[in-house]
J.: 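The structure under discussion is supplied below as structure tokens; questions concerning it will follow.
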Amino acid sequence: MRNLGSSIVFVSVACLLSCSSTSETETPLRAYVGAVEGSTVRVGLATEGGRAEIFFCGDRTNASTHTQWFNVTAAPGASFQTKVGTWTVDGHYDAGSAAGTVDLGDGVKLGWSAQVQPTDSVNGLYEGTDEDGGHAGVIIADVPQGVFISGPRDEFSQITPLFPVIKTSQGIAVKFTVGKVERRINLLPARP
């Protein structure tokens, strides 16, 4: 009887452990930041559960021509390729890094790479919308870079994080100017 009791306990513990573990296809939310080679374009990724959101962000001089969002479905380690408008991006990501190429629509492929950021870090990709439907994205890293896009790509405004950059339950606070009006909003970590 004693062996039967310990066998039941062993089987119960084994079932509990196997039921509480995540499956191989589930992956936690990860943020990556990096750059596009030979340019001022920064790249940020958010990956989770076999999906990725990728944001290429131009700087003050080229935001309207060098900024684009992509969403892809690809498991960690698998290759992906997708197109939005005249832009094409391909690449792969794993638990530590992401890399690939991007064509900004001119037929020239540029290499990009990004490194995963610690989960307790403020570094990463943030996004949000304002009450007028404008879309904001910012990559927080050693050199923060972001843009606010009014309407359907009507006007591009550079985003400046409010310093010190602090991540709260409402995200991070940023400011930007639309026309001559300074605006402030909070952006949350991006989720694919």
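If you read the sequence from its start, that first residue is 1, and numbering goes on from there.
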J.: CG/N123 to CG/L125 distance, rounded to the nearest 0.5 angstrom?
T.: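 The CG atom of N123 sits 11.5 Å away from the CG atom of L125.
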J.: Verify the cluster assignment for I139 and L110: are they in a single hydrophobic cluster under the rule of side-chain heavy atoms below 4.5 Å apart?
T.: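 Result: no, two separate clusters.
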J.: Roughly how far apart are S64 OG and E155 CD, rounded to 0.5 Å?
T.: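 Going from OG on S64 over to CD on E155, the span is 11.0 Å.
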J.: Any heavy-atom pair between the side chains of Q145 and D59 that's under 4.5 Å?
T.: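 Heavy-atom side-chain distance check passes, below 4.5 Å.
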J.: Hey, does the side chain of D94 reach the backbone of P76 with a donor-acceptor pair shorter than 3.5 angstrom?
T.: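 Here the side-chain-to-backbone pair does not exist.
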J.: Which atoms form the tightest heavy-atom contact between V138 and P161, and what is the distance?
T.: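 For V138 and P161, the tightest heavy-atom pair comes out as CG2-CG, 4.4 Å.
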J.: How close do A173 and N186 get, counting heavy atoms only, and between which atoms?
T.: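 Scanning both residues, the minimum pair turns out to be CA-OD1, 3.3 Å.
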J.: Hydrophobic cluster membership, with links at side-chain heavy-atom distances under 4.5 Å among I/L/V/M/F/W/Y: are F55 and F156 in one?
T.: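 Yes, same cluster.
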J.: Might you work through the side chain to side chain contact (heavy atoms under 4.5 Å, CB included) test for H66 and V41, ending with a clear yes or no?
T.: CA-CA 7 Å; H66 289 67; V41 178; 3.7 Å; yes
J.: Does a side-chain heavy-atom distance below 4.5 Å link K167 with P189?
T.: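 SC-SC contact between K167 and P189 confirmed.
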J.: What are the two closest heavy atoms between S79 and H92, and how far apart are they?
T.: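 The pair with the smallest heavy-atom distance is CA-CB, 4.3 Å.
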J.: Could you check whether any side-chain heavy atom of F176 comes within less than 4.5 Å of a side-chain heavy atom of I185, counting everything from C-beta outward?
T.: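 Touching, per the 4.5 Å side-chain cut-off.
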J.: Given E127 and W69, is the side chain to side chain contact (heavy atoms under 4.5 Å, CB included) satisfied, shown in steps?
T.: CA-CA 11 Å; E127 67 178 335; W69 291 93; 3.7 Å; yes
J.: Working to the nearest 0.5 angstrom, can you tell me the gap between K83 NZ and F70 CZ?
T.: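 So the NZ of K83 and the CZ of F70 are separated by 10.0 Å.
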J.: Counting N and O atoms only, with roles assigned by atom type, does the side chain of Q117 sit under 3.5 Å from a partner on the main chain of Q115, one being a donor and the other an acceptor?
T.: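 Indeed, once roles are kept as given, a pair shorter than 3.5 Å links the two residues.
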J.: Do the non-hydrogen side-chain atoms of Y32 and Y93 ever get within less than 4.5 Å of each other?
T.: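 Side chain of Y32 against side chain of Y93, heavy atoms only: contact under 4.5 Å found.
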J.: Do I149 and T67 come within less than 4.5 Å of each other through their side chains, counting heavy atoms only?
T.: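 When only atoms from C-beta onward are counted, T67 and I149 do touch, with a gap below 4.5 Å.
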J.: Under a 3.5 Å distance rule, please check whether D130 uses its side chain to pair with a backbone N or O of G133 as donor and acceptor.
T.: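 Yes, because the side chain of D130 sits within donor-acceptor range (under 3.5 Å) of the backbone of G133.
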J.: Strictly by modelled atom types, are T40 and N62 linked by a side-chain donor-acceptor pair under 3.5 Å?
T.: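 Checked: T40/N62 side chains pair up, N/O donor to acceptor below 3.5 Å.
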J.: Which pair of non-hydrogen atoms, one from F163 and one from P144, has the smallest distance, and what is that distance?
T.: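 The answer is CZ-CG, 4.0 Å.
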J.: Is there a chain of hydrophobic side chains (I, L, V, M, F, W, Y, each step under 4.5 Å between heavy atoms) that links V36 to L104?
T.: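 Per the 4.5 Å side-chain linkage, V36 and L104 are co-clustered.
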J.: With rounding to the nearest 0.5 angstrom, report the CD1 to CD1 distance, I172 to I140.
T.: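 These two atoms lie 4.0 Å from each other.
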J.: Would a 4.5 Å heavy-atom cut-off, applied to side chains only, mark I159 and K175 as touching?
T.: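 With C-beta onward as the side chain, the pair stays apart.
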J.: Looking only at heavy atoms, what is the nearest atom pair of V178 and S150, with distance?
T.: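 Scanning both residues, the minimum pair turns out to be CG1-OG, 4.0 Å.
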J.: A136 and L187: which non-hydrogen atoms are nearest, and at how many Å?
T.: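 Of all heavy-atom pairs spanning A136 and L187, the closest is CB-CD2, 3.7 Å.
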J.: Suppose we screen for side chain to side chain contact (heavy atoms under 4.5 Å, CB included). Which residues come up paired with V43, at least two apart in sequence or across chains?
T.: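 Checked V43 against side chain to side chain contact (heavy atoms under 4.5 Å, CB included); matches are L45, I54, F56, W112, A114.
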J.: Do V147 and R60 have side chains that approach each other closer than 4.5 Å (heavy atoms only, starting at C-beta)?
T.: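 No, side chains not in contact.
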J.: If I take atom CG from residue D106 and atom CH2 from residue W87, how far apart are they, to the nearest 0.5 angstrom?
T.: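 The CH2 atom of W87 is 9.5 Å from CG of D106, to the nearest 0.5 Å.
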J.: Is V84 linked to V89 within one hydrophobic cluster, defined over Ile, Leu, Val, Met, Phe, Trp and Tyr using a side-chain heavy-atom separation of less than 4.5 Å?
T.: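 Yes; V89 is reachable from V84 via cluster members.
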J.: Determine yes or no for a side-chain-to-main-chain donor-acceptor pair under 3.5 angstrom, with T177 supplying the side chain and K180 the backbone.
T.: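 No, because the side chain of T177 does not come within donor-acceptor range (under 3.5 Å) of the backbone of K180.
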J.: Identify the residue among V72, T73, N71 that makes a side-chain contact (heavy atoms from CB on, under 4.5 Å) with T82.
T.: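 Filter result, single survivor: V72.
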J.: Test K109 against D90 for side chain to side chain contact (heavy atoms under 4.5 Å, CB included), laying out the working first.
T.: CA-CA 10 Å; K109 287 188 174 187; D90 63 56; 3.9 Å; yes
J.: I'd like to know if the side chain of R51 and the backbone of P192 have a donor-acceptor N/O pair within less than 3.5 Å.
T.: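 Checked: pair present.
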J.: Side-chain contact test, heavy atoms from C-beta onward, threshold under 4.5 Å: evaluate it for R191 versus E53 and give yes or no.
T.: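 With C-beta onward as the side chain, the pair stays apart.
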J.: Decide whether T88 and D103 meet the rule of one side-chain donor and one side-chain acceptor closer than 3.5 Å.
T.: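 No, no side-chain donor-acceptor pair sits under 3.5 Å.
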J.: State the OG-CZ distance between S157 and R183, to the nearest 0.5 angstrom.
T.: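 If I round to the nearest 0.5 Å, the distance is 9.0 Å.
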